[in-house]
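Just so it is clear: chains get the letters A, B, ... in the order the sequence lines come, proteins before strands, and each one is counted from 1.
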Amino acid sequence: MGCRTEAGSLQAREDDFAADHPDIPFSYVISLYADATGAPPHESLGEEYWEDVGEPEFPVGADTDREVLDATPFNGEVAAGKCVLADDLEILDCRTGHGSEQWAWDAILEHAGD
Amino acid sequence: MTRRWTKNPWRPAVLVAALALAAGCTPEEPVCDPSSDLDGDGVDDCAEEELGTNPEAADTDEDGFADAEELDCVSDPLDADEVCYACGWGHNDPGDLESDGAEIGDVIADGEIVDQCGEDLSVWDLHGEYHILFMTASW
């Protein structure tokens, strides 16, 4: 699964989580640290990517100064990184690559005491 | 013999003053009227008093957003530098956060991304909700 394909599936995953856990406020955030050529993202890349992945309801943005990337353990050297943020903005866990996010859901549920 | 009715020295105004003093406030203290909204901004005068906003100005901080609009969109009606996000995100930064690093277990440092509405979204405004931060290049 490619990054764009996976990004296009996130709204459905978010909706599923909300249906199963209505008391836990949750949303994805897509942060783009580079464009398709690997160059730093321009300011309108968030909007363009948001349209390309089905206009999800959650934030999709260009990390133009790599502030978000630098604020996590992820270094951007592999295709995609995911970090789970708690409601108090603690970094609960981070992984790279695509595929199952069970580890992320588990981290959220454990922190939320569910 | 007719009995003459003597006027009660505890006239209403005196009684009100006495009660007010007993309650710990002065009778001159204005009392807000929750049914009044002098500036017509949708926030009643009592709520404005509590919030510290001006009950006679619809847009207290003069940032282009009425006080009620800012309350609805989770923005500070007293801070002209903070306005409603066009995409509708709330300004949830609690203001007293401190980042302690960029590793698992740390509070993430604040940073900004340019969102799909073309505005800078502060990561700390994501406070109060859980998130999966999906970081990728645009391929």
Side-chain angles (χ1 to χ4, degrees), chain A residues 2-4 6-7 10 24-36 38 41 43-52 55 58-65 67-74 76 79-94 101 104 108 111-112, chain B residues 64-65 69-76 79 81-139:
Chain A
C3 293
R4 193 175 295 251
E6 181 170 22
L10 300 183
I24 303 177
F26 167 80
S27 87
Y28 281 94
V29 176
I30 294 178
S31 179
L32 301 163
Y33 59 81
D35 67 13
E43 288 197 347
S44 59
L45 189 64
E47 181 182 4
E48 293 166 16
Y49 198 76
W50 171 73
E51 289 172 350
D52 287 346
E55 302 185 0
F58 54 77
V60 179
D63 187 9
T64 52
D65 297 320
E67 290 178 350
V68 174
L69 190 70
D70 290 343
T72 73
F74 182 53
K82 295 173 188 172
C83 285
V84 182
L85 299 181
D87 54 354
D88 57 5
L89 295 178
E90 177 188 345
I91 302 169
L92 295 179
D93 202 352
C94 292
E101 287 170 344
I108 290 170
H111 188 273
Chain B
F65 289 85
E69 280 182 281
E70 293 213 61
L71 294 173
D72 282 348
C73 77
V74 196
S75 176
D76 185 352
D79 182 356
D81 293 329
E82 187 173 287
V83 297
C84 297
Y85 280 117
C87 277
W89 327 124
H91 286 278
N92 293 312
D93 177 359
D96 57 356
L97 274 181
E98 278 187 33
S99 171
D100 42 10
E103 300 299 324
I104 293 168
D106 293 336
V107 171
I108 193 169
D110 199 8
E112 291 180 335
I113 57 173
V114 184
D115 70 17
Q116 61 263 47
C117 293
E119 290 185 325
D120 291 337
L121 168 62
S122 161
V123 169
W124 280 5
D125 278 335
L126 302 173
H127 187 270
E129 292 187 348
Y130 289 86
H131 298 278
I132 294 178
L133 190 55
F134 184 63
M135 293 165 284
T136 179
S138 66
W139 44 57

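Using a 4.5 Å heavy-atom threshold, the side chains of B:Met135 and A:Asp63 count as separate. Counting heavy atoms from C-beta on, the side chains of A:Leu10 and B:Ile132 never come closer than 4.5 Å. Side-chain contact between A:Leu92 and B:Ile104 is absent, with no heavy atoms from C-beta onward closer than 4.5 Å.
If you measure heavy-atom distances from A:Ser44 to chain B, you find no contacts under 4.5 Å at all. For chain B, the nearby part of A:Asp70 is the backbone; its heavy atoms alone come within less than 4.5 Å. In this structure, chain A has heavy atoms under 4.5 Å from both the backbone and the side chain of B:Leu126. Looking at A:Tyr33, both its backbone and its side chain come within 4.5 Å of chain B, counting heavy atoms on both sides.
The choice from B:Asp106, B:Asn92, B:Asp120 that makes the most heavy-atom pairs within less than 4.5 Å of chain A is B:Asp106. The candidate from B:Val107, B:Ile108, B:Asp115, B:Leu97 with the greatest count of non-hydrogen atom pairs under 4.5 Å with chain A is B:Ile108. Among A:Trp50, A:Phe74, A:Phe58, the residue making the largest number of heavy-atom pairs under 4.5 Å with chain B is A:Trp50. When each of A:Leu69, A:Val68, A:Val60 is scored by its heavy-atom pairs under 4.5 Å with chain B, the top score falls to A:Val60. With chain B as the partner, the residue from A:Gly38, A:Ala62, A:Ala36 showing the most heavy-atom pairs under 4.5 Å is A:Ala62.
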